[in-house]
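Given the structure is predicted, the values throughout are model-derived calculations rather than measurements.
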Amino acid sequence: MTATVERGSATAQVTPSKGTAKSPGGARPAPPARKGGFLASTNGRKVVMAVTGAVMVLFLVGHMAGNLKSFLGADSFNDYADFLRTMGEPLLPSRVLLTVVEVGLVVAVALHMWAAVSLARRARRARPVRYAVRRRSRSNGYAVHTMRYGGVVIVLFLIYHLLDLTFGTANPAGPASTPYERLVEGFAPSRWWVTLFYVLAVVMVGLHLRHGLWSAFQTLGLASRRSYRTLRASATGLSVLLVVGFLAVPAAVVIGVIK
């Protein structure tokens, strides 16, 4: 409806805009809730990143511990690899439980990447115009680029890592070899480029993990002024431990300790 007043009056013609109608009490109605529930919200997707990240951290810790068994000799490492395939026997057939773990890990990685990409897109839509002057900060500097490009490097590495050491199709020892033989041949000095790629990917994992752990602490409400230093040190310490643990094996192969 258009309210019209006589010419010469101090009041001009007023046309209420659509969508701004007020309630009978004069208060503006609340904005509609976002569709999709908790997972559609920013906090929901941050929780998805935190939980799936925790799943991957547990996997990395277990995987590192298994890799370090190579220092105990071929039999110990091959027994560890055989245990992974026979978990759950005789209650479950061979490799069933390992397949369940692998599928769960793939789902966790997929959800982690989905949450990361969707949050990044939402942040860009919320600020479509960049600042005229770029502001440098610890959280938005190297960490952002590490999480973005480091994730791509990690995914590419995982694909090659599976073909090389798990299935053996990209390994000089071949698929019929033992896990220990594939390990030694995979990091042989003549394949220095593979070792270099492995080192780059593991360092990226460490940087990704350090930033991700700290973000998870904040998302889950664990970070406070009192616990700031402790949580920061914990994130850094766990990341360094995993990086050193994973790099110890190829380094030992290259220098001849593991052979």
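For residues 47-72, every residue pair satisfying the ring pair (Phe, Tyr, Trp, His ring centres under 6.0 Å) rule, not counting sequence neighbours, is listed here: Phe59-His63, His63-Phe246. The salt bridge (Lys or Arg N to Asp or Glu O under 4.0 Å) contacts involving residues 52-81 comprise nothing, where partners must be two or more places apart or lie in separate chains. Note on residues 245-255: no pairs pass side chain to side chain donor-acceptor pair (under 3.5 Å), not counting sequence neighbours. Within the structure, salt bridge (Lys or Arg N to Asp or Glu O under 4.0 Å) pairs that include any residue of residues 249-259 do not occur (at least two apart or interchain).
Residues satisfying the side-chain hydrogen bond (donor to acceptor under 3.5 Å, both in side chains) test with Thr230, not counting sequence neighbours, are none. Under the rule for a side-chain hydrogen bond (donor to acceptor under 3.5 Å, both in side chains), the partners of Thr52 that lie at least two apart in sequence or sit in another chain are His112. Under the salt bridge (Lys or Arg N to Asp or Glu O under 4.0 Å) criterion, Asp82 pairs with Arg85, sequence neighbours left out. Scored by the salt bridge (Lys or Arg N to Asp or Glu O under 4.0 Å) test, Arg182 finds no partners at all (sequence neighbours excluded). Scored by the salt bridge (Lys or Arg N to Asp or Glu O under 4.0 Å) test, Glu89 finds no partners at all (sequence neighbours excluded). Remark: Thr99 pairs with Arg95 by the side-chain hydrogen bond (donor to acceptor under 3.5 Å, both in side chains) rule, at least two apart or across chains. Considering only residues two or more places apart in sequence or on other chains, Ser234 meets the side-chain hydrogen bond (donor to acceptor under 3.5 Å, both in side chains) condition with none of them.
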Exercise answer: donor-acceptor pairs, residues 161-170 side-chain atoms, under 3.5 Å, sequence neighbours excluded:
from, atom 1, to, atom 2, distance (Å)
Asp164, OD1, Asn171, ND2, 2.9
Thr169, OG1, Leu163, O, 3.3

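Here the shortest heavy-atom pairing between Asn78 and Pro179 reads OD1-CD, 3.3 Å. In plain terms, the two heavy atoms of Ser41 and Phe38 that are nearest each other are OG-O, 2.5 Å.
With Ser177 contributing its side chain and Gly174 its backbone, the two residues share a donor-acceptor pair below 3.5 Å. Side chain of Arg45 to main chain of Ala115: no donor-acceptor pair is present (N/O by atom type, distance under 3.5 Å, no hydrogens or angles).
Side-chain contact between Arg121 and Arg124 is present, with at least one heavy-atom pair separated by less than 4.5 Å.
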